[in-house]
Amino acid sequence: MAKHGGGCIPPMDLFRSEAMHLVQLIVPIESAHLTVSYLGDIGLIQFKDLNAEKSPFQRTYASQIKRCGEMTRKLRFFNDQMSKAGITRSSKSVARADMHLEDLEAKLGELEAELIEVNANNEKLQHGYSELTEYKLVLQKAGEFFKDAQISASARQKEISPDLPAESLATPLLKDHESSHDLSKQVRLGFVTGLVPKEKAMAFERIIFRATRGNVLLRQVALEEAVVDPTSGQKVQKNIFVVFFSGERLKSKIVKISEAFAVNRYPFTEDMGKQTQMITEVSGRLSELKMTIEAGLQHRGTLLRRIGEQYEQWNQVVHKEKSIYHILNMLSIDVTKKCLVAEGWSPKYATKKIQNALQQAAIDSSSQVGTIFRVLHTKKLPPTYFRTNKFTESFQAIVDAYGVAKYQEANPGVFTVVTFPFLFAVMFGDWGHGICLLLATLYIISKEKKFSGQKLGDIMEMAFGGRYVILLMSIFSIYTGLIYNEFFSVPFALFGPSAYACRDASCSDSTTVGLVKVRDTYPFGVDPSWHGTRSELPFLNSLKMKMSILLGVAQMNLGIMLSFFNALYFRNFLNIWFQFIPQMIFLNGLFGYLSLLIVAKWYTGSKADLYHIMIYMFLSPTDDLGENQLFENQKTVQLVLLLLSLIAVPWMLLPKPYILKARHKTRHQDESYALLDDNDDSLHGEADRDSDDQEFEFSEVFVHQLIHTIEFVLGAVSNTASYLRLWALSLAHSELSAVFYEKVLLLAWGYNNVIILIVGIIVFIFATAGVLLVMETLSAFLHALRLHWVEFQNKFYEGDGYKFRPFSFALLNNEDESS
Amino acid sequence: MGFMLTTLIFIVIGMIACLCTRICCNKGPSANLFHLTLVTTATVCCWMMWAIVYLAQMNPLIVPILSEGE
């Protein structure tokens with residue numbers, strides 16, 4: 001990198017990136033943590049990773065990072081629990097005194113254990129509760145089975161043998177045809193009661209039937225509401241069933257099948273008295289359990305609320321500590337284990353601040369030795385740092401999106417602040433739409449404080465981030481709208497009367513030959529008489545195309561001038577003589593001349609055909625110009641310009657590679673030995689030499705220069721033509737606007753019907769907002785962006801630097817919020 | 001109003017704008033130069049646009065021809 005001094009202009013904010021230097025800090029171990037913490041508060045050093053070869057587990061502070069990771073996990077667990085319980089954490093936590101990491105760790109550990117225990121207890125209680133609920137339901141429903149069966153059987157019994165006592169109806173269901181038999185021949189029946197999920201009920205019944213060969217009786221009743229299943233904790237539709245069987249083998253089969261179907265079985269007594277007793281007992285236990293569960297939930301709620309109050313603060317502390325340890329891991333530890341060495345980039349203006357912080361840290365950690373602060377000299381490329389405020393930040397982001405500026409090269413952002421909204425406005429020009437945009441963006445800016453704290457959706461986030469860009473865009477749009485004289489495509493005579501009037505009083509030939517210019521030119525903008533005429537488009541097209549060319553040539557010249565300032569700043573005089581000058585000659589000889597012709601034609605009102613002039617300047621330059629003559633000696637001027645442009649091409653191409661080759665030869669002419677490394681580089685002795693100092697491939701340099709020349713020469717034509725998009729988009733905008741106005745609003749007005757008028761107005765508003773205000777804005781934004789990134793910046797911008805990312809707690813917080 | 005006169009008006013407005021920005025946000029020489037650049041660029045852009053449209057209408061080669069039924 002060649003040495004650089006000041007350019008011929010005094011220093012300007014944001015024009016070149018901040019001067020950076022590589023600093024080395026030697027920090028005693030006891031003050032390391034505090035030093036890094038204070039440096040993080042300032043946020044102006046980008047630390048270099050001096051332990052890059054080591055794996056994360058070999059580093060000095062790996063265990064601390066693991067502890068921080070554990071704490072983050074615990075905090076995440078708390079967050080989950082809080083969101084499940086529906087407790088929101090307060091964003092502004094109670095500010096307690098600074099916590100130490102060990103205390104915080106212990107506290108988090110105990111809270112986690114407590115929370116886990118409470119949760120486990122809660123689960124167990126819930127399990128018991130749902131089981132009891134199911135049992136109660138079984139008791140009720142199965143009791144009904146037996147009662148019904150008893151009533152019907154006793155009814156039958158009364159029919160058949162009315163003098164038999166009612167108490168002998170132990171198993172009433174099978175008494176129908178066996179009533180004649182002896183009581184001793186009664187078969188003992190067993191039964192199983194329980195609940196089966198509704199979906200499995202049919203399969204259950206079928207399998208039991210098949211397995212027992214139909215020797216059982218199954219009764220089912222569906223429950224109306226779903227019960228909470230004890231094992232899964234979900235609400236399931238269940239059926240209550242009773243299975244009657246005889247014999248032990250059937251019982252074991254039925255039990256096994258129930259287990260396979262995950263059926264919950266509950267014991268049941270036939271005795272009526274005992275049944276009611278069981279029901280009251282179960283109800284009692286249920287209400288007790290409910291109270292216990294509620295108490296448990298309340299306890300958990302208070303616990304979580306306490307956590308919620310301090311959550312944010314703890315979160316921040318843990319993040320901060322984790323980042324500090326990450327940085328500490330990047331420092332290399334000295335052999336004597338008494339101090340750490342840090343290297344990093346920092347802006348030169350911040351030196352005093354950093355030194356103060358280091359002193360403060362040394363005092364606060366009561367260490368005997370202070371930190372040593374040293375500036376290293378290196379040939380490596382420093383990072384690029386622009387000090388932007390909230391206004392210039394979005395414009396700089398637009399430039400950085402294409403490529404971050406190389407260290408200290410001219411920043412196109414300075415001009416982009418004005419030219420980007422301006423070119424947008426040239427394509428958008430309508431002061432009615434501009435006012436709508438302005439109102440919208442003023443609203444967003446007025447709510448700035450509120451929006452910056454909130455989390456917005458993606459689209460809103462982009463609109464909010466670019467609020468100042470849109471503000472300038474809308475202001476310029478109002479200006480260009482006044483110049484194009486379009487208010488929702490309607491012209492107004494705001495600046496005086498129109499310059500055109502009919503030729504005679506009857507206006508008879510206004511539709512054939514047209515109006516005539518009777519007064520001075522309309523003082524500001526396009527004359528209102530043009531709108532709606534037949535010759536409007538030919539006039540406006542010619543005007544806008546020529547305007548695009550003029551604006552384009554102006555911006556490209558600005559780009560080449562910036563490359564001149566770059567060359568001056570970096571003392572690269574080769575670039576000035578053999579790149580800047582031929583480029584200026586070529587571009588201005590051809591397209592600057594075209595611009596001159598345009599202005600001359602307008603000024604003199606001549607009927608010369610500019611296409612013809614330009615084309616025949618190349619095809620037959622020595623021909624007579626005839627009626628295309630705009631000024632004296634035009635032919636000579638054109639010949640000279642043509643010659644100069646032709647010379648400029650080899651001037652750009654040939655000398656530079658040969659001169660570079662000659663320079664390289666003189667520099668390394670007497671070298672028969674290798675140079676010693678006497679640079680005061682970093683402790684690790686990285687031999688990072690300027691590689692292009694040693695190697696020089698002539699073919700590579702020549703091809704590079706050839707590509708550069710071809711790109712410029714061809715680009716001169718294509719880039720100039722590219723600026724015609726300014727014309728194209730502005731035409732599209734005004735045509736769309738005119739269509740919506742005439743074909744929607746005026747049409748609706750013509751019907752003299754209120755409803756149609758209202759519908760027409762609504763359609764007009766939606767069409768304007770959707771197509772013109774949203775789609776056209778995005779479209780013009782995109783094209784203005786392209787004009788800047790390609791046509792403007794490829795004249796001077798290298799854009800291969802890297803951004804300055806300092807270690808700063810404020811930046812970390814922003815990253816956390818956005819992730 | 002004349003081309004030169006309005007150009008003069010633009011220059012005057014530009015200078016007034018520079019003075020205003022110097023008065024309300026005076027933050028050191030490099031920041032002042034930056035603001036000056038912005039104001040100058042804006043004035044030049046606006047003037048160029050006006051001048052182009054004005055020049056194009058000074059000696060017109062075509063005139064408005066009204067469409068039928070107007």
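Side-chain atoms are counted along with the backbone in the values below, which use heavy atoms only and exclude waters and symmetry mates.
- The closest donor-acceptor contact from the side chain of A/T521 to the backbone of B/Y54 lies at 3.5 Å or more, if one exists at all.
- How far CE of A/M547 is from CG of B/L55: 13.0 Å, rounded to the nearest 0.5 Å.
- For the atom pair CZ (A/F391) and CG (B/L38), the distance works out to 7.0 Å, reported to the nearest 0.5 Å.
- Two residues are said to be in side-chain contact when any heavy atoms from C-beta on lie closer than 4.5 Å; B/I65 and A/T533 fail this criterion.
- A pairwise comparison of heavy atoms in A/G532 and B/S67 identifies O-OG, 3.2 Å as the closest pair.
- In this structure a side-chain-to-backbone donor-acceptor pair under 3.5 Å is missing from B/Q57 to A/Y522.
- By the 4.5 Å heavy-atom criterion applied to side chains, A/L550 and B/M48 are not counted as neighbours.
- Using a 4.5 Å cut-off between heavy atoms, A/V513 contacts chain B through its backbone alone, with no side-chain atom that close.
- Using a 4.5 Å heavy-atom cutoff, the side chains of A/T392 and B/F34 are in contact.
- Heavy-atom distances place no part of A/A499 under 4.5 Å from chain B, backbone and side chain included.
- If you take NZ on A/K601 and CG on B/L61, they are separated by 5.5 Å, rounding to the nearest 0.5 Å.
- Of the possible polar contacts, none joining the A/K517 side chain to the B/V63 backbone as a donor-acceptor pair under 3.5 Å is found.
- No other option in B/A42, B/A51, B/C45 has as many heavy-atom pairs under 4.5 Å with chain A as B/C45.
- Under the 4.5 Å side-chain criterion, counting only non-hydrogen atoms from C-beta, B/P60 is in contact with A/Y500.
- In this structure, the side chain of B/W50 engages the main chain of A/P523 through a donor-acceptor pair within 3.5 Å.
- The candidate with the highest count of non-hydrogen atom pairs below 4.5 Å against chain B, out of A/T419, A/L423, A/T512, A/L482, is A/T512.
- The two residues A/S529 and B/P64 come nearest to each other via the heavy atoms O-CB, 4.2 Å.
- Within the 4.5 Å cutoff, the side chain of A/K546 has no heavy atoms near those of the B/I52 side chain.
- Residue contact with chain A, scored on non-hydrogen atoms closer than 4.5 Å, involves the backbone and the side chain of B/T41 alike.
- The two atoms that bring A/M12 and B/L33 nearest to each other are SD-O, 3.6 Å, heavy atoms only.
- Neither the backbone nor the side chain of A/F15 comes within contact range of chain B; no heavy atoms are under 4.5 Å apart.
- Counting heavy atoms from C-beta on, the side chains of A/Y603 and B/M58 come closer than 4.5 Å.
- Between the side chain of A/Y479 and the backbone N or O of B/C46 there is at least one donor-acceptor pair closer than 3.5 Å.
- Looking only at heavy-atom pairs under 4.5 Å with chain B, the residue among A/S535, A/P538, A/S542 that has the most is A/S535.
- Put simply, of A/V526, A/V516, A/T480, A/L14, the one with the most heavy-atom pairs under 4.5 Å next to chain B is A/V526.
- Side-chain contact between A/T604 and B/N59 is absent, with no heavy-atom pair separated by less than 4.5 Å.
- For a residue to count as touching a neighbouring chain, one of its non-hydrogen atoms must lie under 4.5 Å from one of that chain's; by this rule A/F476 touches chain B with the side chain only.
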